[in-house]
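Here the structure is laid out as structure tokens; the discussion comes afterwards.
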Number of protein chains: 2
Amino acid sequence: MDEVFKKRVRMPQLREKLMSAAVAAEYVTDGMTIGMSGFTRAGAPKSIPFAIARHADYQNLKITLITGASLGNDVDRVLTRSGILARRMPFQSDPTLRDAINRGEVLYIDQNLSDTSELLRTNQIAPIDVAVIEAVAITETGAIVPTTSIGNNEIFAMQADKVIVEINLSHSLELEGVHDIYIPSHYPHGAPIGILTPSDRIGSTAIEISPEKIAGIVFTDEPDSPSPILPPDEDTSAITGHLIEFFKKEIRLGRMTEHLRPLQSGVGTIANAVMSGLADSPFSHMTVYSEVLQDSTFELMDMGKLDFASGTAITLSPHRAEEVFANFGRYKNRLVLRPQGISNHPEVIRRLGVIAINTALEADIYGNVNSTHVMGTHMMNGIGGSGDFTRNAYLAIFVTKSVAKGGRISSIVPMVSHVDNNEHDVDILITETGLADLRGLAPRERAQAIINNCVGMDYRALMREYVAEANLRGGQTPHVLEKALSWHQRLRETGSMLP
Amino acid sequence: MDEVFKKRVRMPQLREKLMSAAVAAEYVTDGMTIGMSGFTRAGAPKSIPFAIARHADYQNLKITLITGASLGNDVDRVLTRSGILARRMPFQSDPTLRDAINRGEVLYIDQNLSDTSELLRTNQIAPIDVAVIEAVAITETGAIVPTTSIGNNEIFAMQADKVIVEINLSHSLELEGVHDIYIPSHYPHGAPIGILTPSDRIGSTAIEISPEKIAGIVFTDEPDSPSPILPPDEDTSAITGHLIEFFKKEIRLGRMTEHLRPLQSGVGTIANAVMSGLADSPFSHMTVYSEVLQDSTFELMDMGKLDFASGTAITLSPHRAEEVFANFGRYKNRLVLRPQGISNHPEVIRRLGVIAINTALEADIYGNVNSTHVMGTHMMNGIGGSGDFTRNAYLAIFVTKSVAKGGRISSIVPMVSHVDNNEHDVDILITETGLADLRGLAPRERAQAIINNCVGMDYRALMREYVAEANLRGGQTPHVLEKALSWHQRLRETGSMLP
């Protein structure tokens, strides 16, 4: 243990900061804003949050919790149950927390993931009091080496009065070197972010802060929660098929080469299945400039299809995690993890000409996408990076199955009940029934393309009827306002969007 | 005339390309895509469009017309009446064209203004066949010096097979030198855009193309249409007052200095009045990084309040235009005009930390903004640059009067009928009744801030009633779906949103 300890805490004077999670938790007091590491199940601290929750039992504690994105290891569930969460941003995906948000008990600020660090850096939201950061190690100079995600760690650690580091022995020291920590300069001294290709490194491999700010070091040895990835099904395979045919056509038209362009794919089963499906494509030497690197990233690397991947987190299924982290050296020189303010930065996404592939919760016939709100009111997870990528991408693609809940819900509706990504940005919509290329189309043309290609077969006649009635009313974007949300109302009243 | 001719067409071999507008118009044939100069009434060609419309009488001519933004000098009206317009993008503001769009007769693609040149450059929409560009002069090397706007001129001229130049003698040769033409490099060779402050120049003062592409040169002598700017009224003064108080508070909080940050303001009376109002503020040495430079820009310069202004067009009232262009030397070294792909580029807007002030057509209690569609269906003008700036700004501000049509319309509604700028991006909402600072607020808090500060007095009780009922249904963003658009329906049925 002594040898391990020295390797993990390499600055000698910091070794005296070793403490239990329970003691570290006492730094968190009522009214504080806590910045916590973690992005889509990867890299969340695994003991201090629970100690904070227990500690909350003894006092009336309410905090604002800011993370990278969602957390694994039941952290959000336990913190919600402890009643400690007053405010939460910028993303979550925990069912218990979600319910508390939708009951109005936890105030949730659903943010574009590139924005949080900028708001903090420019002092537009309350500053971080305590940062809780999972780390692989602390270097000779007191710099913090993150684990499987960076998220907003760099701004949390730099801005906090006190930093608590949770060194997790379950993460291999081999992770050191994969990170690229860069803090953009700022008005009036703003300078370009020097990333010209996905593999460019512009920063340091650890988060450099004054070592005096490190108030406590806690050791743990628990792996990240695995990400449950469902295997591709008939529908996701059909979606992938449409996408591959589309890319082939773009190549024939001279718009891309068979290396495509840097790819981003959203979190979750459908987007991961689509990326995995590119294994059976003629495309080669692909690159990824994305947010979360899922199983598909490593599958494509293993097949020799993918040259390089840039992200802010590595979130894998149990089997894949075991395989990747046991052989991390095989991948390390083809990977970089960046702060989410950089992985999702408009400047870089636009410059690289990223192809963005995200999942729509629902879309409408004019190409507006709802990424967040069930029935326009109830939060699912959050917009995440979908907005950052969609609005700056070379090609913004949304995928969804045409129907859900055994056909009772149409994913394509007359008017979405909430808009996260709007008609001005959405280029391509794909369901298992087909692909609609919306580029350069006026709204009336978009409606035809989407109905003819993407709407589920059971809903096409119904949708044509709606459009016919709307067209009689005229306008650039025809609607029958009193019926625009009627499919949602029918679902609410009868349990199905079908009449 | 000979001396004038030589000064305006400085490359001798191009002088033989002089022709009448009628002859030039014959280059335009059925099915073509025409790129035409002009941005918000400034810099549109003033004779060739009319010759094309006349020429259309003799044949069945249908074209796609792409511009910078709206056109002055009745060009859109005359082209619409001639029946020549099949498709139009990316912005317009002409009543005759608007009606044709809303009847579905002209297909209108309403685009973020930074996107059009990228779509053309990457060959994602049909290429330009003929470019018609208003110019001050053609240089010794055949380069085109634009007039009072650049818009998309650079990409039109570079991409077109044939370029027709309309040299307008009413524009002073002094305009030469004010432009900064820069074409961003491209995947896989994308490089940073080197603008670090609003005054940085990174390109050339004229559009450099192969002189052989210049198929015709036509002379005109007609000024730009003036822009009707209404004087500030009580409501716009109140809006400005709220904004100034807000800026003062931000300065007290240490977030800005009294120089503010580079300012953008949308086109139109309210935004111009707000900018003019900054004359009576304690702020000094301000800068502008915007799209359209209106009267207010020059008023602030004359008062010594504004150090520098960057835009893509100069659009002035008759009186102000006379004054500014007669004394252009006084302003020239404090101005730069850029292509709209650069004035509106996400990379630069984000780097400069622009304060964006745009006008909302309607907004809702959660901070979503409709910038385009009356009653969710009928196009007003288009999104213009509001999206480019809002989503990348340091501070995204929307202004609107709380009511319209003598109080029969509330500009703040339960749910907007169309979303152009969404809740994730809108930071500040101002009406004459007050200012809502939405930064860091959850939707339920935003609703309170907006109702208490921005909703018109006659609508507050009604809105509180809606919110109370919505809250009973729960959710992150509570709504009563069947009533969310009921205010619009009531307006349609009764002529007023008031019950």
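Residue numbering restarts at 1 for every chain, and letters A, B, ... go by the order of the sequence lines. All figures in this text were calculated on a predicted structure; none of them were measured in a lab.
- For the pair A:Tyr394/B:Gln124, a side-chain contact is recorded, criterion being any heavy-atom separation below 4.5 Å from C-beta on.
- The contact between B:His373 and chain A is made entirely by side chain atoms (from C-beta outward), counting heavy-atom distances below 4.5 Å.
- The salt bridge (charged side-chain N to carboxylate O under 4.0 Å, His left out) contacts involving residues 374-394 of chain A comprise A:Arg391-B:Asp425, where partners must be two or more places apart or lie in separate chains.
- Defined by atom type and a distance below 3.5 Å, a donor-acceptor pair is present between the side-chain atoms of B:Arg350 and A:Ser114.
- In this structure, chain A has a heavy atom under 4.5 Å from the side chain of B:Asn392, while its backbone stays farther away.
- Residues B:Pro262 and A:Tyr187 have side chains in contact (heavy-atom distance under 4.5 Å, counting atoms from C-beta outward).
- Proximity to chain A is limited to the side chain of B:Leu395, based on heavy atoms less than 4.5 angstrom apart.
- With values rounded to the nearest 0.5 angstrom, B:Gln476 atom CD is found 12.0 Å from A:Arg98 atom CZ.
- Neither the backbone nor the side chain of A:Tyr366 comes within less than 4.5 Å of any heavy atom of chain B.
- Contact annotation: the side chain of B:Arg261 approaches that of A:Thr122 to within less than 4.5 Å [non-hydrogen atoms, C-beta and beyond].
- Put simply, CD on B:Glu347 and NE2 on A:His345 are 8.5 Å apart, with the number rounded to the nearest 0.5 Å.
- In this structure, chain A has a heavy atom under 4.5 Å from the backbone of B:Leu352, while its side chain stays farther away.
- Proximity to chain A is absent for every atom of B:Arg88, based on heavy atoms less than 4.5 angstrom apart.
- In this structure, CE on B:Met375 lies 14.0 Å from OG1 on A:Thr477, to the nearest 0.5 angstrom.
- Using a 4.5 Å cut-off between heavy atoms, B:Met415 touches chain A through its side chain atoms alone.
- Taking B:Arg444 as the reference, nothing meets the side chain to side chain donor-acceptor pair (under 3.5 Å) condition, with sequence neighbours excluded.
- Within the 4.5 angstrom heavy-atom criterion, only backbone atoms of B:Pro478 (N, CA, C, O) approach chain A.
- Atoms NE2 and CZ, on B:His186 and A:Arg351 in that order, are 12.5 Å from each other to the nearest 0.5 Å.
- With B:Arg255 contributing its side chain and A:Asn123 its backbone, the two residues share a donor-acceptor pair below 3.5 Å.
- Interface summary for chain A: among B:Arg103, B:Arg473, B:His189, the most heavy-atom pairs under 4.5 angstrom belong to B:Arg473.
- Remark: B:His424 NE2 to A:Asn421 CG distance equals 8.0 Å, nearest 0.5 Å.
- Separation of atoms CG (A:Leu107) and CZ (B:Arg446) is listed at 10.5 Å; rounding is to 0.5 Å.
- Heavy atoms of A:His259 lying under 4.5 Å from chain B are absent altogether.
- With respect to the salt-bridge test (charged N to carboxylate O, under 4.0 angstrom), the residues A:Glu482 and B:Arg490 do not qualify.
- Heavy atoms closer than 4.5 Å to chain A are found nowhere in B:Asp427, neither backbone nor side chain.
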